[in-house]
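Here is how names work: the chains are called A, B, and so on, in the same order as the sequence lines, proteins then strands, and each is numbered from 1. Quick caveat, the model's predicted, so the values are computed rather than measured.
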Number of protein chains: 2
Amino acid sequence: MNFHLSFHLNEKVYLRDPESSELGKRLIKSAIDLIYELGFEHFTFKKLALEVNTTEATIYRYFENKHRLLLYILNWYWSYMEFLVMFRLQNMTDPKEKLKTIIELLTQELPESSGMMDYNKRYLNQIIISESSKVYLVKEVKEINKSEVFKPYKDLCAKIAEVVTEYNPDYQYPRSLSSTLIETSHFQQFFSNYLPKLTDVGALGQKDYTALFLSNLLFTVLGDQSLK
Amino acid sequence: MNFHLSFHLNEKVYLRDPESSELGKRLIKSAIDLIYELGFEHFTFKKLALEVNTTEATIYRYFENKHRLLLYILNWYWSYMEFLVMFRLQNMTDPKEKLKTIIELLTQELPESSGMMDYNKRYLNQIIISESSKVYLVKEVKEINKSEVFKPYKDLCAKIAEVVTEYNPDYQYPRSLSSTLIETSHFQQFFSNYLPKLTDVGALGQKDYTALFLSNLLFTVLGDQSLK
DNA sequence: TTTAAACAATAGTAATACTACTATTTAAAT
DNA sequence: ATTTAAATAGTAGTATTACTATTGTTTAAA
């Protein structure tokens, strides 16, 4: 079976839909490669233009600036992640199983291919971990937020919060716990890799360290409902 | 009583100690004001130079670049926070009280004055919340980390982890929990302010929302040891 | 009184972020 | 089939940012 997945992303993110042209698609693909390679700070439209054999001015017709381009990539990721959560939770009844699956999705690499653009998943993952917070930790958040471009993040958060409430209806902070889960999955992966003293990975460097930490955290906070 | 607090910050952070001259001190003070006002992305040495009536080149003699200047401010903050934790925990015996105090320190504004430089504490606080992660979420972390400039952060984290272990010696992830506590205190404050849908603040907008969320989280994860 | 070191300012360059304008292609209208 | 206009990409710039080589001035030690 071969199917194509695409998401309708908020038009406010771009000036011209990169999905609407070949050049646009190459733009996104190469942007992911370059942002991974250089880090967002050193990534420029000039370098991206060189990579896809076009000019800066052309890229500016697609995106207002590099911040918006990153926002586009993240909107895509958040939408995809919400889809994956929905897909994987299909036909599951046990909310504990559901939460375990969510942690797995948040801490493991994205599944390679499966009916969607062949973005480099490993690179995309690293971008999510290292760069995602930079789209909202800016002076202009309030203004940017008005155009609803953070909706995919909020939706993902709400979906996880739903499962949290399903697991423990008495828990008071389902949304904050969900956003904490998402953000913590990012920086604990980052820390265990680059600043291990801020974690307890130890010399062994367990592969699923972050998943273990988050599982322990989540199921202690929500109580082991199997005991009830 | 009037006393002066100063920390010996790692020389690798700066080229020339800003504490060693009047101009240097004004530099830091104005940098805090400007970074708060403009956000780190829009903050430049040119603008800072204009503010303190000097030139870019002069600022470059103190700091390699604006990233290092931010790192200096954060080193100062982390050191100060570790001092505050140590100071406030003095003569406390109950580890639960200690943890409560730590959460208070992490979520409330820094005490105005108390024997140290009159940096604008409210601005400094907002900088910690919005900009701090930008000093390590960069491509060059590994290289930068070698010069030990993140030691104050690691020390603060270790100090909190100590109290965590004191409260519950069986808990397996004291350091990860501590770094999660610190980071979560930042972005839950940010979210509840700018992206409230990612939290449960509701319309009321409780003043101590983040502290309440963190307390609940921390003491559930570590178990209510008073029951033992 | 000399001298050298410490410090700050001048005057630049290269890279980055962004834009006005022009040329070309595509496709719809006549 | 030809005209026309809309869409698209490219040229050629500017202002700002990040950073440096060099010169000039002050300070304090010899």
### Message
I want to know whether A:Y62 and A:Y14 have ring centres closer than 6.0 Å.
### Response
no
### Task
Provide, to the nearest angstrom, the distance between the CG atom belonging to A:L48 and the P atom belonging to C:dA15.
18 Å
### Query
Of the nucleotides D:dC19, C:dA8, C:dA17, which has the atom closest to the A:E56 side chain?
C:dA17
### Query
A:L15 has an atom CG; how far is it from atom P of D:dT8, in whole Å?
12 Å
### Message
Using whole Å, what does the distance between atom P of nucleotide D:dG13 and atom CZ of A:F45 come to?
### Response
23 Å
### Message
Please report the distance, rounded to the nearest Å, between CD in A:E41 and C1' in C:dA17.
### Response
15 Å
### Query
Among D:dT17, C:dA17, D:dA9, which nucleotide sits nearest the side chain of A:T58?
D:dA9
### Message
Tell me the interatomic distance from A:K66, atom NZ, to C:dC18, atom P, rounded to whole angstroms.
### Response
9 Å
### Centroid-centroid under 6.0 Å between B:W76 and B:Y72 rings
no
### Message
For D:dA9 and A:Y62 - does any side-chain N or O of the residue sit under 4.0 Å from the phosphate oxygens OP1/OP2?
### Response
yes
### Query
Which listed nucleotide (D:dT8, C:dC18, C:dA8) is nearest to the side chain of A:N65?
C:dC18
### Message
Using the side-chain heavy atoms of B:A57, tell me which of these nucleotides is nearest: D:dA21, D:dC19, D:dG10.
### Response
D:dA21
## Note on the structure
Taken to the nearest whole Å, CZ/B:F40 to P/D:dT17 is 14 Å
### Message
Measuring to OP1 and OP2 of C:dA8, would you say a side-chain N or O of B:R16 lies under 4.0 angstrom away?
### Response
yes
### Message
In this structure, how many angstroms lie between the P atom of C:dA17 and the CG atom of A:L69, rounded?
### Response
12 Å
### Message
C:dA8, OP1 or OP2 - any side-chain N/O from B:Y60 closer than 4.0 Å?
### Response
no
### Query
Any sub-3.5 Å donor-acceptor pair from A:K66's side-chain atoms to A:F40's backbone N or O?
yes
#### Entry: Full working for side chain to side chain donor-acceptor pair (under 3.5 Å) between A:E56 and A:T44
CA-CA 9 Å; A:E56 271 182 283; A:T44 68; over 6 Å; no
### Minimum-distance nucleotide to A:T54 side chain [options: C:dA8, D:dG10, C:dT16]
D:dG10
#### Entry: From D:dT17, C:dC21, C:dA9, nucleotide with atom closest to A:R61 side chain
C:dC21
### Task
Using a cut-off of strictly less than 4.0 Å, decide whether B:K46 has a side-chain nitrogen or oxygen near OP1 or OP2 of D:dT16.
no
### Query
What nucleic acid atoms does B:F63 come within less than 4.0 Å of, heavy atoms only: base, sugar-phosphate, or nothing?
nothing
### Query
B:K47 side chain N/O closer than 4.0 Å to the phosphate oxygens (OP1, OP2) of D:dT16?
no
### Whole-Å gap separating C1' (D:dA9) and CZ (A:R26)
12 Å
### Query
So what does A:T55 hit on the nucleic acid, given a heavy-atom distance under 4.0 Å: a base, only sugar-phosphate, or nothing?
base
### Side-chain H-bond candidate by donor/acceptor type, B:T58 with B:T55, under 3.5 Å
yes
#### Entry: Neighbour count >12 (heavy atoms, 6.0 Å) for atom NZ, B:K151
no
